[in-house]
Asks: 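Structure below; questions to follow.
A, B, ... follow the sequence lines: proteins, then strands. Residue 1 opens every chain.
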2 protein chains.
Amino acid sequence: MQTISREDYLKAILKIEEESGSVSNQALVEKLNTRPASVTNMLRTLSDAGWVQHEAYKAVHLTASGKSIALSTLRRHRLWEVFLVEKLDFSWDEVHQWAEDLEHVGDEELTNRLDAFLGHPAFDPHGDPIPTAQGQWSDGRNLLPASLTVVGDRIQLKGVVDSGEEFLQHLNSLDIKLGLILEVLQALDFDGSKTVKWPDGRETSLSKQTLQNMLVERLEFQEREQ
Amino acid sequence: MQTISREDYLKAILKIEEESGSVSNQALVEKLNTRPASVTNMLRTLSDAGWVQHEAYKAVHLTASGKSIALSTLRRHRLWEVFLVEKLDFSWDEVHQWAEDLEHVGDEELTNRLDAFLGHPAFDPHGDPIPTAQGQWSDGRNLLPASLTVVGDRIQLKGVVDSGEEFLQHLNSLDIKLGLILEVLQALDFDGSKTVKWPDGRETSLSKQTLQNMLVERLEFQEREQ
DNA sequence: CTCCGTTTTTAGCGTGGTCTAAAAAAGGTA
DNA sequence: TACCTTTTTTAGACCACGCTAAAAACGGAG
Ligand SMILES: [Mn+2]
Ligand SMILES: [Mn+2]
Ligand SMILES: [Mn+2]
Ligand SMILES: [Mn+2]
């Protein structure tokens with residue numbers, strides 16, 4: 001049977017697989033902020049339920065049914081995040097904690113109604129794609145870290161690599177939000193920082209670390225016109 | 001520390017106190033569909049936390065802090081019910097199960113934002129009053145069970161005594177919704193049933209049991225005009 | 001006051017999940 | 001290959017919360 005903890009583990013496995021290809025116990029320890037023994041223990045449970053495939057000392061793999069649970073949990077998580085930002089006016093650094101609870105509430109029917117109410121959003125407030133009801137990943141975008149842009153690029157912020165509270169609050173303090181359009185004015189080789197120009201003409205320097213965590217789209221010419 | 005189970009118990013104690021004045025273990029067994037030993041056990045926990053006052057074999061009493069937790073849980077429950085009905089188009093018999101989970105999510109800030117988003121509703125989809133952020137009960141209404149109405153009354157459904165799924169689905173099947181205005185045409189003494197007239201002219205007979213569970217307001221003359 | 005049915009508590013167990021500490025396995029380096 | 005560090009598993013404990021069965025207390029009727 002599904003529990004909050006089991007859904008959290010399955011979701012974490014899905015994300016780690018997505019990020020790094022292979023899922024170790026250690027990676028789960030870090031992602032879930034737990035202890036190795038707890039991970040081993042839960043993997044036994046998930047394996048018995050037929051949601052993961054796991055041999056001792058080997059990498060973890062989601063089964064089809066495990067992946068399906070993970071995807072619908074992730075779908076609920078991201079839809080509730082959209083709800084909290086769009087309808088309740090929370091900022092993107094405040095929503096994760098509540099979505100972590102809300103993702104465990106509701107069935108498919110409720111989720112689909114929420115999805116419809118929100119206008120079938122494709123991305124969550126951090127720019128992460130929202131799986132469809134059929135468990136499809138809709139991420140066909142071509143994003144690059146802002147650290148890889150060059151002088152002269154006009155770029156739009158479409159996502160973040162690290163959606164931890166600390167980094168998001170850092171972006172908040174710089175007044176950087178999803179959808180923001182910047183122009184790269186200058187790039188310093190020695191520390192990887194870049195100077196960017198805001199829509200209002202203001203100029204700021206962004207550190208290499210900040211730029212690496214910002215996922216942007218390079219704007220084409222016709223898009224500049226709209 | 002607050003847990004889902006503890007919040008459910010506190011809420012149940014509040015409601016039983018409201019309904020019948022005094023809270024016995026037995027009443028909690030019935031309300032929470034659990035066993036006497038579980039109740040005794042939890043009362044020890046709640047008492048240790050300072051949320052209830054309980055001496056063996058005596059009635060249970062909420063402390064100020066316990067009542068505060070119970071009220072905010074009830075507030076969240078009823079606000080989420082409004083959300084599910086008003087925004088996601090669920091019917092009133094479908095919302096309780098999800099509200100039972102949602103009521104455990106969010107802090108005061110989130111609750112107040114939800115409240116504002118919903119337009120500060122005073123009543124939930126079953127006609128029950130929603131406690132304010134300050135923990136006030138806003139129920140100054142003068143409702144009576146429809147069983148006590150007399151021939152000639154024009155009445156409006158404002159609440160239900162029993163908001164269990166079964167009864168609500170029964171009302172659904174009769175096409176009876178909150179806010180519905182009916183006129184009492186006939187009352188049969190021998191079985192307590194009454195014949196009522198719908199706004200569209202249709203006439204139906206309602207059983208004594210059904211009428212006893214419908215809380216209505218007798219409409220004054222000037223209200224008939226609007 | 002004594003009985004007896006009801007309510008409540010106690011005792012003991014089960015389940016799901018966490019943790020620490022220690023043992024075992026893995027895997028890279030000398 | 002042998003060693004050493006890291007990773008994973010095992011062993012054993014703990015906590016929250018449910019349950020059953022039996023004991024104890026309560027409270028009304030005779
Ligand atoms: Mn979660
Ligand atoms: Mn997100
Ligand atoms: Mn609940
Ligand atoms: Mn309700």
Asks: Can you check the A:D8 CG to C:dG17 P distance for me, whole Å?
Replies: 11 Å
Asks: Can you see if the side chain of A:S5 gets near the phosphate of C:dT18 - specifically, an N or O under 4.0 Å from OP1 or OP2?
Replies: yes
Asks: At under 4.0 Å, does any side-chain N or O of B:R35 touch on OP1 or OP2 of D:dG18?
Replies: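 For B:R35, the contact criterion (side-chain N or O under 4.0 Å from OP1 or OP2 of D:dG18) is not met.
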Asks: B:D48 has an atom CG; how far is it from atom P of D:dA16, in whole Å?
Replies: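 In whole Å, D:dA16 P lies 10 Å from B:D48 CG.
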Asks: Can you tell which of A:R76, A:K158, A:R78 makes a salt bridge (charged side-chain N to carboxylate O under 4.0 Å, His left out) with A:D124?
Replies: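 By the salt bridge (charged side-chain N to carboxylate O under 4.0 Å, His left out) criterion, A:D124 pairs with just one of A:R76, A:K158, A:R78: A:R78.
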Asks: In whole angstroms, how far is the P atom of D:dA16 from the CG atom of B:L32?
Replies: 19 Å
Asks: In terms of side-chain heavy atoms of B:M42, which of D:dC17, C:dT18, C:dG16 is nearest?
Replies: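 Of the options given, the side chain of B:M42 lies nearest D:dC17.
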Asks: Check whether any side-chain N or O of A:T3 sits under 4.0 Å from OP1 or OP2 of C:dG17, and answer yes or no.
Replies: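 For C:dG17, OP1 or OP2 has a side-chain N or O of A:T3 closer than 4.0 Å.
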Asks: Between A:H104 (NE2) and C:dG17 (P), how many Å, whole number?
Replies: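 It is 12 Å, rounded to the nearest whole Å.
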Asks: For the ring pair A:F83 and B:F83, is the centre-to-centre distance below 6.0 Å?
Replies: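 Close enough - the centres of the two rings lie under 6.0 Å apart.
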Asks: Indicate whether any N or O donor in one side chain lies under 3.5 Å from an N or O acceptor in the other, for B:D101 and A:H104.
Replies: no
Asks: Base, sugar-phosphate alone, or nothing: which one does A:S38 contact when heavy atoms must sit under 4.0 Å apart?
Replies: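 Since a base atom lies under 4.0 Å of A:S38, the category is base.
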Asks: What string of B, S and - do you get for nucleotides 8-14 of chain C, 5' to 3', when a contact is any protein heavy atom under 4.0 Å?
Replies: BBBB---
Asks: Between A:I4 (CD1) and D:dA16 (P), how many Å, whole number?
Replies: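 Distance check: A:I4 CD1 to D:dA16 P gives 17 Å.
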Asks: Using residues 44-57 of chain B as the side-chain source, report each donor-acceptor pair under 3.5 Å to any protein atom, sequence neighbours left out, with the distance given to one decimal.
Replies:
unit_1 : atom_1 : unit_2 : atom_2 : d
B:T45  : OG1    : B:N41  : O      : 3.4
B:H54  : NE2    : B:K58  : O      : 3.3

Asks: Partners of A:Q209 by side chain to side chain contact (heavy atoms under 4.5 Å, CB included), sequence neighbours excluded?
Replies: A:S207
Asks: Is the B:H126-B:H96 ring centre distance short of 6.0 angstrom?
Replies: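 Between B:H126 and B:H96, the centre distance exceeds or equals 6.0 Å.
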